[in-house]
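For reference, the structure is listed below as structure tokens.
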Amino acid sequence: MTSDEGSSAATAELIRLQRDWLLDICRQLNLTPTQIALAAGMAKTTLTRLAADPNHPHALSSMTIDKIVRRFGVSPPASPAEEAFRHAVEQTVAALHSRQALQLASPADVARTVIELADWLARAGNGKAEQFEGVVSFQVEQLRQKRST
């Protein structure tokens, strides 16, 4: 993958996350993108184009996001890195749960383990399933040892 392809893929992921965020806000507030745009003081097409087109080529500016956040009191959209970490946390908790490891140590120790594993998985990226299983197994043993001490 060339750096242009990587940049393009990252931009597409950012736009997808922003679109999902906008559509979630519309559902939560029971408002249309036009209503949100006008209430936040921007041209309606700023949001309607993104909402209507899954292949929209432009990300929202930080100023546009800030206007929506301030006007409606919502959280800003997750970045691709935050989304990857959230997904990694879900996978980590599921892996520990399937091994009945969530009760092996104190909540603080388990939380630290979840964060370490999720951080590793988010940085390692896709295609590391075998390595992840090995790392999880190692961490479960570490939790068991903490429990027995």
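Note that the structure is predicted; figures quoted are calculated from it, not measured.
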If you define the side chain from C-beta out and look only at heavy atoms, does anything of Val136 sit under 4.5 Å from Leu117?
yes
Hey, does Leu31 have a side-chain heavy atom less than 4.5 Å from the side chain of Cys26?
no
Looking only at heavy atoms, the pair that brings Ala59 and Leu14 closest together is CB-CD2, 4.0 Å
Taken to the nearest 0.5 Å, the spacing of Glu116 CD from Gln139 CD works out to 5.5 Å
Would you give the length of the straight line joining atom CG of Asp24 to atom CG of Leu17, rounded to the nearest 0.5 angstrom?
10.5 Å
What distance do Arg123 atom CZ and Phe85 atom CZ have between them, rounded to the nearest 0.5 Å?
10.0 Å
Should Leu104 and Val110 be marked as a side-chain contact (heavy atoms from CB on, under 4.5 Å) after you check the CA-CA gap, both sets of side-chain angles, and the distance that decides it?
CA-CA 8 Å; Leu104 290 177; Val110 172; 5.8 Å; no
Tell me the closest heavy-atom pair linking Ile25 and Ile68, and the distance in Å.
CD1-CG2, 4.1 Å
I'd like to know if the side chain of Gln18 reaches the main chain of Leu60, judged simply by a donor and an acceptor atom lying under 3.5 Å from each other, with no hydrogens or angles considered.
yes
Please examine the side chains of Ile65 and Pro77, heavy atoms only from C-beta on, and report whether any two atoms are closer than 4.5 Å.
yes
Donor-acceptor pair, side chain of Glu141 and main chain of Phe138, under 3.5 angstrom:
no
Do Thr64 and Met42 pass the side-chain contact (heavy atoms from CB on, under 4.5 Å) test, and can you show the C-alpha distance, the side-chain angles, and the key distance before you say yes or no?
CA-CA 8 Å; Thr64 296; Met42 62 188 81; 3.6 Å; yes
Give me the atom names and distance for the closest heavy-atom approach of Ala37 to Ala43.
CB-O, 3.7 Å
Contacts satisfying side chain to side chain donor-acceptor pair (under 3.5 Å) that involve residues 43-52 (not counting sequence neighbours) are none
Give the intermediate values and the outcome of side-chain contact (heavy atoms from CB on, under 4.5 Å) for residues Gln142 and Thr113.
CA-CA 9 Å; Gln142 295 295 316; Thr113 299; over 6 Å; no
Inter- and intrachain pairs under salt bridge (charged side-chain N to carboxylate O under 4.0 Å, His left out), touching residues 58-71, at least two apart:
Asp66-Arg70
Let's go through Gln28 and Phe72 carefully: what are the C-alpha distance in whole Å and the side-chain angles of both, what is the deciding distance for side-chain contact (heavy atoms from CB on, under 4.5 Å) to 0.1 Å, and is it a yes or a no?
CA-CA 11 Å; Gln28 290 171 11; Phe72 295 100; over 6 Å; no
What residue pairs, at least two apart or across chains, pass side chain to side chain donor-acceptor pair (under 3.5 Å) with a residue in residues 93-106?
Arg99-Glu133, Ser106-Asp109
